[in-house]
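First comes the structure, then the notes that go with it.
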Amino acid sequence: MSEGIGAAVKRKEDKRFITGRGKYTDDIRMENQAYGAFVRSPHAHAEIKGIDTSAAEAMDGVIAVLNGKQLKDDAIGDIITGWAITSKDGNPMNVGAWNPMATARVRHVGEPVVIVIAESQAQARLAAEAVEVDYEELPAVAAATRALEDGAPLLHDNVPGNLIFDWEIGDEAAADAGLAGATHVTELDIVNNRLAPNAIEPRSAIAVYNDIDDHYTLYTTSQNPHVARLVLSAFYNIAPEHKLRVIAPDVGGGFGSKIYIYPEEITCLWASMKTGRSVKWTSDRSEAFMTDAHARDHVTKARMGFDADGKIVGLKVNTVANIGAYASLFATATPTYLYGTLLSGQYNIANVYCDVKAVHTNTVPVDAYRGAGRPEATYVMERLMETAAREMGMDPAELRRRNFITEFPHQTPVIMTYDAGDFHALLEKGQAAADIAGFAARKSEAASRGKLRGIGYSCYIEACGIAPSKAVGSLGAGVGLWESAEVRVNPVGTIEILTGSHAHGQGHETTFAQVVSDRFGLPMDNITIVHGDTDKVQMGMGTYGSRSGAVGMNAIVKAMDKVEAKVKKIAAHTLEASDDDIVIEDGEVKVAGTDKKMAWHEVGLAAYTAHNLPDGMEPGLKEGAFYDPTNFTFPSGTYICEVEVDPETGVVEVVQFTAADDFGTVINPMIVEGQVHGGVTQGIGQALLENVVYDEDGQLITGSYMDYCMPRADDVPSYVLEHSTTVAPSNPLGVKGCGEAGAIGSPPAVINAITDAIGNNNLTMPATPHKVWAAIQEVGLPQAAE
Amino acid sequence: MYAVNYHKPASIEDAVAAIGGAEEAKILAGGQTLLPTMKQHLAAPSDVVDVRGISGMTDIAVRGDTVTIGAAATHAAVAASSEVDTVCPALATLAAGIGDPAVRHMGTIGGSIANNDPAADYPAGLLGLGATIVTNQREIAADDFFTGMFTTALEDGEIITAVSVGKPDRAGYAKFRNPASRYAMVGVFVAQTGSGVRVAVTGAGEDGVFRHAGLEAALSSNWSSEAVDGVDVGSDGLMSDIHASADYRAHLIKVMAKRAAAAS
Ligand SMILES: Cc1cc2nc3c(=O)[nH]c(=O)nc-3n(C[C@H](O)[C@H](O)[C@H](O)COP(=O)(O)OP(=O)(O)OC[C@H]3O[C@@H](n4cnc5c(N)ncnc54)[C@H](O)[C@@H]3O)c2cc1C
């Protein structure tokens with residue numbers, strides 16, 4: 001069927017998005033709406049000595065000026081960390097307390113201190129400028145490695161040495177022994193640069209308090225409205241769940257940054273109750289740079305040992321992860337269980353060890369962002385592999401081939417059990433599509449134009465579809481990571497699918513409908529997806545970690561199983577056949593091998609008229625399911641990047657980028673392609689352009705697009721995409737997930753290509769023209785281009 | 001943004017009156033620089049006087065070997081102008097490389113040079129061409145107009161009405177874009193004019209746009225890449241920031257000078 005699984009159906013939702021008729025939080029206006037504006041810390045670290053709000057309170061339109069102490073006095077809770085990590089010495093982690101608005105001390109530039117509520121946004125902002133906060137500045141520290149040094153400024157009294165935890169995974173003695181016996185050891189110092197997420201729609205919230213029912217509604221830019229309601233109720237004491245409705249309407253991109261429930265949303269809810277007004281706040285871009293959770297920011301030392309045949313005999317990784325001033329929701333899981341567990345890559349390695357020190361600094365909290373931990377792991381693995389191949393004089397593809405895992409399931413030494421994959425096939429597909437054989441000719445042609453051409457590989461594996469609840473529970477997660485779905489068949493046979501997944505660009509209204517269309521042979525037009533409202537969908541875990549396909553869609557499948565069973569019973573009863581003989585095809589419910597049949601909608605109607613149902617059957621046709629995965633899913637791929645470097649200026653052009661991916665079953669190839677395009681573009685952004693810079697005192701230098709460089713269309717080539725598929729054995733659809741792969745796999749391919757071109761491996765991300773030029777100066781021009 | 005009074009006069013006289021009658025007036029052209037600073041509360045004029053409706057302000061005309069460009073001509077208009085192209089195609093190329101299409105269709109030549117951003121393109125073009133800046137009060141030679149980073153010879157309330165540029169024997173512009181802002185990290189405009197070779201550098205100097213005597217001397221004697229190679233471009237007085245060190249900028253000045261000369 002043309003709209004089923006595997007069809008490149010155009011996205012249903014795009015009609016409203018591209019005609020400007022999407023409805024985003026900031027488009028919503030409540031009748032008695034007032035506006036909030038935050039007074040934010042200009043300092044990276046300071047003691048609050050006093051707050052004078054009198055001038056602000058006297059200004060036109062001002063309704064209230066509220067501070068963090070008042071919020072605390074009303075028993076609004078501190079912001080939580082969702083994953084408890086245990087240090088290698090057995091001690092629990094130490095995280096600093098995070099007040100939604102600072103009470104005594106501010107710890108990063110942009111931290112909220114006061115909220116002003118006024119009749120208009122302009123009045124609120126003007127009055128916010130009139131609030132006088134008396135600060136006593138304290139010494140600050142922005143770099144995680146510096147924060148660990150003796151005598152570094154300390155952020156939280158309960159976090160000695162700024163060290164949140166010192167965590168390990170794998171067997172250190174075994175890794176050491178492996179390295180000691182190696183014939184070749186490759187050693188790298190690696191920096192994974194800090195990123196700002198930059199969703200096109202900034203965060204926004206409207207909090208609506210109804211004093212008659214003591215009920216709250218929050219419209220907000222969330223990737224997981226149910227998780228938002230859960231933590232707002234259980235931890236922040238806004239209201240019990242039945243008195244709190246969270247609606248995440250159209251959301252313009254998240255990439256992880258809209259998973260978290262931030263100080264601003266909590267404060268708006270509380271302020272709405274305090275003032276009896278609906279309170280709206282919408283971040284501007286400057287606020288976004290100072291408050292949206294940042295990403296990555298690892299400093300790593302890695303050593304990989306090989307035997308004489310090029311087989312990996314040991315890997316040891318030591319990482320310092322910057323968590324920022326406070327530990328955000330997934331901040332502790334990202335550099336541990338989403339990072340260390342992927343340090344076996346696509347390779348059969350007996351001995352892997354990784355140690356991670358997580359550190360508080362005077363910077364914006366760092367949390368999960370497209371890939372979350374897995375890009376950092378892949379960067380370590382794939383920079384090591386390429387470097388080792390060069391050092392040993394081997395073809396980088398051959399070195400990888402010799403180490404590929406070929407049998408599944410495969411238990412790595414770092415928790416994960418890979419259940420399926422064909423890494424040789426991916427490498428072959430990638431090499432063929434990238435025309436590896438023609439590279440030498442392309443390189444010399446480039447040299448004739450004065451350009452240095454280089455090539456680099458990255459063979460990634462990642463874990464997504466997060467995750468079996470029992471497994472993550474045993475590792476410290478505060479929640480289960482299943483998903484829910486409800487399938488409602490109306491009396492006329494049309495279907496509403498309620499899902500706990502949330503779409504903010506992914507196209508669920510299309511792909512989820514395709515899965516249903518495929519199953520029952522119904523036109524997509526008869527199927528609607530409902531999501532993003534806690535009053536409509538009972539519970540859900542939301543969208544992140546490429547989990548909507550692998551977990552969310554499979555919950556729909558489970559609910560459809562139940563619907564199908566009931567449909568068959570009704571049809572069998574009506575058509576006087578046995579349940580087992582009933583088949584559902586092309587919108588018809590038939591007795592196999594006969595011409596006896598009912599139209600789909602006739603079964604729907606029969607279920608609701610209930611005039612002739614099997615004995616004991618309840619009327620209606622509506623089923624729900626919770627799906628808890630039994631394993632992660634493991635997308636994998638080979639990415640091959642070709643660059644040309646202008647040796648005069650250091651400018652890098654990505655001239656060819658090939659991605660060969662294994663995403664398991666593909667529901668909609670066009671949407672999957674779009675996900676790869678977006679992910680790879682973000683990865684190229686990280687490799688070449690993007691970097692959050694703080695100065696020594698914790699002032700944010702890259703606070704706008706004048707200094708923070710996002711990738712634009714002319715920074716990336718037209719991508720070459722390939723697929724090689726092994727289905728995921730752990731879920732009924734066989735899907736693995738595709739949302740993050742591009743961002744995970746691409747950065748090392750780009751850097752490997754540049755370092756190949758310039759003949760200097762000493763290069764950090766982002767490889768700006770200035771850095772590339774300096775790296776060329778360091779070693780001189782490679783032979784071919786002179 | 002704070003509340004502000006908006007005026008759109010049709011004549012210079014009305015504009016001058018509007019400026020004179022206001023508590024603190026700012027001239028508004030394309031708003032590409034002024035409005036963002038007002039939104040961030042870095043500028044807070046009581047009144048803005050939009051000069052784009054003043055008659056003649058967007059005209060572009062050639063008389064003899066000189067093209068006169070109205071101060072409110074947008075970058076897009078200059079880039080597409082056959083008049084500019086006949087007198088100095090390098091200036092049209094420069095305009096076509098400013099910002100993005102939205103900026104080019106709003107931003108104006110007068111606004112750009114009045115602002116004199118140290119990374120803006122036009123200051124290099126006009127200084128390199130030895131242009132004349134015409135105001136409602138006088139004519140100012142480009143050599144006297146750009147007086148330092150974000151500062152010019154303009155008096156308070158003085159309105160640029162046009163810029164005139166004489167035809168050079170040859171001219172070229174090469175810009176190395178700041179990857180983030182896409183302003184010039186280094187831009188070099190080279191021109192051979194009746195009064196000799198002129199080389200103007202933008203994006204690099206701590207005091208904004210400047211002429212480079214060493215490059216001018218080298219290109220005067222020999223208009224070639226090799227001549228540029230022989231020039232010692234030091235890093236003294238050059239900017240250093242997260243995007244580029246002074247050394248790298250010094251290096252780029254030479255590379256861009258060669259490319260500009262080759263493009264002429
Ligand atoms: C995203 C972006 C990218 C950009 N990239 C570039 C780039 O690559 N290269 C580049 O050169 N520029 C760039 N710009 C700046 C752009 O060229 C602006 O047009 C220019 O800085 C100001 O012109 P405007 O007409 O918008 O002036 P406005 O913003 O309206 O005014 C700027 C200043 O000039 C004064 N002014 C305006 N007109 C007159 C006049 N006739 N007489 C006296 N004073 C006047 C105003 O009072 C104000 O102080 C960029 C801007 C943006 C927003």
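In what follows, chains are A, B, ... by sequence order, proteins preceding strands, each numbered from 1.
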* Minimal non-hydrogen separation, Gln40(B) against Ser286(A), with atom names -> NE2-OG, 4.1 Å
* Please indicate whether His41(B) has more than 12 foreign heavy atoms, meaning atoms of other residues, nucleotides or ligands, lying under 6.0 Å from its NE2. => yes
* **Region of Met256(B) in contact with chain A, defined by heavy-atom distances below 4.5 Å** => side chain
* With a 4.5 Å heavy-atom cut-off (strictly below), which parts of residues 219-241 of chain B touch chain A? List them by number. => none
* Asked: Where does Lys258(B) contact chain A at under 4.5 Å (heavy atoms): side chain, backbone, both or neither?
  -> side chain
* Crowded around Leu42(B) CG? As in, over 12 foreign heavy atoms under 6.0 Å? -> yes
* Asked: Can you say whether Glu129(A) sits under 4.5 Å from chain B via the side chain, the backbone, both, or neither, judging by heavy atoms?
  -> side chain
* Asked: With respect to chain B, which residue among Asp707(A), Asn691(A), Ile701(A) yields the maximal number of heavy-atom pairs within a distance under 4.5 Å?
  -> Asp707(A)
* **Closest-packed option against chain B by number of heavy-atom pairs under 4.5 Å, given Met710(A), Glu690(A), Glu648(A), Gln777(A)** => Glu648(A)
* Asked: So with a 6.0 Å cut-off around NZ of Lys26(B), is the heavy-atom count from everything else above 12?
  -> no
* Structure fact -> dist Arg125(A):CZ -> Lys39(B):NZ (nearest 0.5 Å) comes out at 10.5 Å
* Measure from the side-chain N and O atoms of His251(B) to the backbone N and O of Thr649(A), and report whether any donor-acceptor pair falls under 3.5 Å. => no
* **Geometric class of the Trp773(A)/Tyr248(B) ring pair [parallel <30°, tilted 30-60°, perpendicular >60°]** => tilted
* To do: Let me know if Thr702(A) has heavy atoms under 4.5 Å from chain B in its side chain, its backbone, both or neither.
  => side chain
* Asked: Hey, are His770(A) and Ser245(B) close enough side-chain-wise for a donor-acceptor pair under 3.5 Å?
  -> yes
* **Part of Asp695(A) within contact of chain B (heavy atom distance under 4.5 Å)** => neither
* Asked: Thinking salt bridges, do Arg177(B) and Asp715(A) make one under a 4.0 Å N-O criterion?
  -> no
* Structure fact -> In terms of heavy-atom contacts, Pro769(A) and Pro179(B) come closest through CD-CG, 4.3 Å
